[in-house]
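Here is the structure we will look at, set down as structure tokens.
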Amino acid sequence: MNRRKLEDVKFHNNQKIITKSQESVDIKAAPTYTDKPILPNFKNSSSKYDFLNKKKSTSSSTQRIFQTPQLPSKKTNIRKAIIFCFIISLIIGAIYLLSTVFLSANVTIVPKNKIFELKHQVFMASQNKNNIPFELMIVSEKENKDIVLTSSIDASEKAKGEITLYNEYSKNPQKIIAGTFISDEKGISYKTNSTISIPGYTLDNTKIIPGQISVEITSFLTGENYNGSPSNFYINSFKNTTKYNKIYGKLKTSLSGGVVGLVYLMDEKGKLDLESADVSKLQDKLMRKLSAQVPEGYILYPNAVKFTFNYGENITSKNPNTNIEIIGTLSAFLLKENNLSQSIINKLLPEIGIKEKSEIKKLDLSSLSFNFTDKNQIINKEIENFDFDITGNLKLDWIPNSNELQNLLVGKNKDNVAYIFKEDPGILSAKVNIMPIWSSTLPTNSNKINIILKNK
């Protein structure tokens, strides 16, 4: 028994020994000396190395298993086929999605444009629908100027001014001869300077619209007493008749120039100095005022304007230091812009169609020069028509109708849309790009067709 324990100690150096009290003690190997040789226990030895044989056997068996060919599983092949089909479906679905939902097209259009030169192209303005309509605008301004008069004379002058005569008496014109005496509300007498005919009145429903005409008048006697601004005038010969209150006058310009005795007056040099400075400033002021009042749809050309001013032919004063009133008036013909544009296009392109004309961008008429054909053209409300010419370079830009093009291109094959662009006279060239790139048909939704206008 003791021998077996010693043998265990020999072969298992660090093996635990359990005592009766269940306490374990580590026993270290130590050299053992006996009188007799200790023979190995072959029975236990054989049992001890059995695990080597088992390991070798297991390794060999495993090697044989791995070397044996395995047949593919039928379920694995089905699973692979399903995954493959799913991937293909995803690809096809993505292509369909890109080709339908995300389908779009950019159509780049280069519109037509051309520059034309106009050389004194003549047009007529009138209220006739076949010509160019026009409107008359008149603006006035008064300015006072302190001046020093350097010339003097012994004078005897009558006051002069202008009045407007009205006819509420008859529908027939009323003739007033030159030299007819008229009086203001104070009884001061004047005479008409020319023979005129006052137009008869007209009716607006039951309302009488009097005929009217302007005439210059001169005071009956000389002197400062005739200078001023009386309001109403009556014809002396109509007194005590029904015509007296039916044919009457209103002041248009104040009466001035009446003087007797030594007076100071403006010489020619003084007039020139006044015109080059103050009168010129007044004209510029009126031009700005007129330009600000031009109604929408009309165009004002500087050469369609006439400027007049008045400070009296004989500026006189009892004193050399005086104040004068300068009255400036600016009259202008305004042309209907749209009608002028259409007339110019018809002149430049006599064969143009209605559709093509509608595609031409609004013309920049301000770059053109305007002149009356008649150099002495009068500008007043009596004018019913006049001729004028236009000179300058004018650019015409075509703008194709984007909405119409979108509707025409819907669902078309991009290789079959050239005829659509050729039929539009406002298109110089066009290019179609479809996304995704493999699609050849334009979207069926017009909102997904983007028209891009690009100037050449």
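The basis for the numbers below is simple: all heavy atoms, side chains too, and nothing from hydrogens, waters or symmetry mates.
The heavy-atom pair separating I163 from I217 by the smallest distance is CG2-CD1, 3.6 Å. Annotation for T206 and L203: closest pair O-CD2, 4.3 Å, computed over non-hydrogen atoms. Of all non-hydrogen atoms in G270 and D267, the two that sit nearest each other are N-OD1, 2.8 Å. What you find for I383 and I378 is that their closest heavy atoms are CG1-O, 3.4 Å. Looking at every heavy atom in both residues, L335 comes nearest to F370 through CD1-CE1, 3.8 Å. Across P425 and K112, no two heavy atoms sit closer than the pair O-CD, 3.5 Å.
Within 6.0 Å of the NZ atom in K355, the count of heavy atoms belonging to other residues, nucleotides or ligands exceeds 12. The number of heavy atoms from other shown groups lying within 6.0 Å of CD (E384) does not exceed 12. Open room surrounds NZ on K431; 12 or fewer heavy atoms of other groups in view lie less than 6.0 Å from it. Within a 6.0 Å sphere centred on CZ of F220, heavy atoms belonging to other residues, nucleotides or ligands number 12 at most. Annotation for F333: atom CZ counts as buried by contact number, over 12 foreign heavy atoms lying within 6.0 Å. No more than 12 heavy-atom neighbours from other residues, nucleotides or ligands sit within 6.0 angstrom of CD1 on I437. For NZ of K318, the number of neighbouring non-hydrogen atoms (other residues, nucleotides, ligands) closer than 6.0 Å is greater than 12. By the neighbour-count criterion of 12 heavy atoms within 6.0 Å, atom NZ of K306 is densely surrounded, having more than that number from other residues, nucleotides or ligands.
For the pair D364/K395, no side-chain contact is recorded, criterion being any heavy-atom separation below 4.5 Å from C-beta on. Side-chain atoms of Y248 and N232, non-hydrogen and from C-beta on, never get closer than 4.5 Å to each other. Looking at heavy atoms from C-beta onward, L348 lies in side-chain contact with L118 at the 4.5 angstrom threshold. E337 is not listed as a side-chain neighbour of L363, based on a closest heavy-atom distance of 4.5 Å or more. Residues T164 and S214 have side chains in contact (heavy-atom distance under 4.5 Å, counting atoms from C-beta outward).
Figure legend: K347 and F123 shown as a cation-pi pair, the cationic atom lying under 6.0 angstrom from the six-membered ring centre and within 45 degrees of its axis.
In the model, N385 has no side-chain atom that pairs as donor or acceptor with a side-chain atom of S126 under 3.5 Å. Side chain to side chain, N433 and N106 fail the donor-acceptor criterion of an N or O pair below 3.5 Å.
Using a 30° and 60° split on the angle between ring planes, Y226 and Y190 fall in the perpendicular class, above 60°.
For R288 and D284, the salt-bridge test fails: no basic side-chain N is under 4.0 Å from an acidic carboxylate O.
Among the candidates L428, L453, N455, I452, the single residue satisfying the side-chain contact (heavy atoms from CB on, under 4.5 Å) test with V110 is L428. The salt bridge (charged side-chain N to carboxylate O under 4.0 Å, His left out) test with D278 is passed by exactly one of K271, K142, K285, K145: K145.
Note: F386 and F134 meet the aromatic proximity criterion, with ring centroids under 6.0 Å apart.
The main-chain N or O of T180 is found under 3.5 Å from a side-chain atom of T192 such that the two form a donor-acceptor pair. A donor-acceptor pair under 3.5 Å is absent between the side-chain atoms of N371 and the main chain of D389, judged by distance alone.
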